[in-house]
Structures are given as C-alpha cells and as structure tokens.
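To start, the structure under review is shown below, and the notes come after it.
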Amino acid sequence: MHHHRNGGTMGRAAALLFASEGARVVGCDLSEQGQQEIQQQVRAAGGVMESLAPCNLTDAQQCGALVDFAVERFGGIDILYNNAAMAYFNWLEDMTEGEWKNTLNEELNLVFL
C-alpha cells in the first residue's frame with residue numbers, strides 16, 4: 001500500500017528555504033489544495049511563489065507545461081529541485097512487474113522528463 005504525499009514536507013521546506021534566499025519559486029503538485037497551502041505559507045513569509053496544480057510529472061506533456069509556466073512567469077529556470085517521486089518498496093522476490101514498472105516510471109522517468 002502506498003500513498004502520494006501531496007504537499008509533502010520536503011517540498012514545503014525547500015520552497016520556504018529557496019524563497020527565504022530570494023528565489024522566485026515555481027511549484028507543482030498532484031494536489032491543488034496541497035500546493036495552495038504551500039504557496040500561501042511562502043507568500044506569508046514574504047516569498048514569491050507561483051504554482052501549477054494538478055500537475056503529474058510522470059506525463060511528458062505536463063512536464064512541458066510546467067516548464068512553459070515557469071518561463072512565462074519568470075523568464076527562465078536557474079535552479080531545478082527534483083523532489084517528486086513515488087517509490088514502491090518491496091523485497092525483490094515479492095515485487096510485481098507492475099510495481100517495478102511504476103518504480104522506474106515514478107523514480108527515473110519522472111526526473112528525466
């Protein structure tokens with residue numbers, strides 16, 4: 001059993017840290033609500049953040065839309081923080097082919113895209 005951690009703690013911490021250093025942050029999330037919460041926290045702390053949600057980074061077209069969104073808002077991308085991932089942990093002998101394919105897709109392909 002696995003859960004997507006929308007608006008996860010690592011992404012939230014990174015957004016707040018980058019913003020506190022003066023970065024203009026572009027975030028994305030599967031969950032619109034999760035992304036809005038982080039964006040509100042960043043702005044409340046005096047940071048600049050735009051976000052795109054829902055956004056599924058396992059989809060090449062949605063990755064492209066996120067890049068376009070960042071370029072449209074801020075003119076380019078200087079730092080890329082790849083934090084999105086979903087691992088399917090299991091003992092090798094118990095891992096199904098579906099779990100393996102999901103791991104490759106959501107751990108490797110996602111970062112490549």
Taking every non-hydrogen atom, the tightest pair across [X] and [Y]:
X     : Y     : answer
Ala84 : Leu57 : CB-CD1, 3.7 Å
Glu32 : Pro54 : OE1-CD, 3.7 Å
Cys55 : Leu66 : SG-CB, 4.3 Å
Tyr81 : Ala14 : CE2-CB, 3.3 Å
Leu16 : Ala45 : CD2-CB, 4.4 Å
Gln35 : Ser51 : CG-CB, 3.1 Å

Flag yes if [X] and [Y] sit in one hydrophobic cluster, no otherwise; membership is Ile, Leu, Val, Met, Phe, Trp, Tyr, and two members link when side-chain heavy atoms are under 4.5 Å apart.
X      : Y      : answer
Phe74  : Val67  : no
Leu108 : Trp100 : yes
Leu52  : Val111 : yes
Met10  : Val26  : no
Phe18  : Ile38  : yes

Distance, nearest 0.5 Å, that separates [atom1] of [X] from [atom2] of [Y]:
X      : Y      : atom1 : atom2 : answer
Tyr88  : Asn102 : OH    : CG    : 4.0 Å
Asp68  : Gln61  : CG    : CD    : 11.0 Å
Asn109 : Leu104 : CG    : CG    : 7.0 Å

Heavy-atom side-chain proximity of Asn105 to Leu110 below 4.5 angstrom: no
Can you find a pair of side-chain heavy atoms, one from Arg73 and one from Met49, that are under 4.5 Å apart?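 Not in contact.
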Any side-chain to backbone donor/acceptor pair from [X] onto [Y]? Under 3.5 Å, distance only.
X     : Y     : answer
Gln62 : Asn56 : yes
Glu99 : Thr96 : yes
Asn90 : Asp94 : yes

Can you find a side-chain donor-acceptor pair between Gln33 and Glu37 that sits under 3.5 Å?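 Their side chains do contain a donor-acceptor pair, which is all the 3.5 Å distance test asks for.
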In the hydrophobic cluster built from side-chain contacts under 4.5 Å, what are the other members alongside Leu113? Phe112
Do Arg43 and Glu50 sit within salt-bridge range, that is, some charged N less than 4.0 Å from a carboxylate O? yes
Just wondering, more than 12 heavy atoms not from Glu107 lying within 6.0 Å of its CD? yes
